[in-house]
Amino acid sequence: MIASGIRVILNQQSVSSPGESQRFTVTSIMMHPNYDRRTVNNDIAILHISPPVSLERTSQIVPACVVGSRSIDFTGAYATVVGFGGKQSWSQVPSGYRSFGLYVFIL
C-alpha cells in the first residue's frame, strides 16, 4: 500500500457533498504487525496525515483513543462504528455514512 495514493477526508456527511470537510494527504502507513492479507485478520492501520487536523474548526471531529496498555479491558463495552463502506466488498458505496453499535469481545 502506497501512502501517497491515499487521501483522508474528515467531517464529510455525504459522498456527494463536501460540506465542512477537511482533506489530508497520508504521509505514512503503520500496518498492524499481524495483518494477514489472506484472512484479513488484524485489518487495521494507523495513517499519519498532513497537515495536522484542526480540532478548532468543528466539534464534529474528535480524536480516537488508542489504548497503550492491555491492562484496560474493554470486553463488553458498547462501541459505535461509522463509515461509508458497503456491506460487502462488491457492494455500492452508500451516499451517506452508516453507523451501528456493537459490543466489544476478544477472540
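Cluster partners of I44: none. The rule joins Ile, Leu, Val, Met, Phe, Trp and Tyr whenever side-chain heavy atoms lie under 4.5 Å apart, and it links nothing here. In this structure, Y78 belongs to a hydrophobic cluster whose other members, linked by side-chain heavy atoms under 4.5 Å apart, are Y103.
What you find for I6 and I2 is that their closest heavy atoms are CG1-O, 3.8 Å. Across H32 and N34, no two heavy atoms sit closer than the pair ND1-N, 2.9 Å. Between L10 and F24, the shortest heavy-atom contact is CD1-CE1, 3.6 Å.
Clustering ILVMFWY residues whenever any of their side-chain heavy atoms sit less than 4.5 angstrom apart, transitively, puts I49 in a cluster other than the one holding I9.
How far CE of M31 is from CG of L47: 9.5 Å, rounded to the nearest 0.5 Å.
In this structure, the side chain of D36 does not engage the main chain of N41 through any donor-acceptor pair within 3.5 Å.
The side-chain contact (heavy atoms from CB on, under 4.5 Å) search around S50 returns T27, not counting sequence neighbours.
For the pair H48/V26, no side-chain contact is recorded, criterion being any heavy-atom separation below 4.5 Å from C-beta on.
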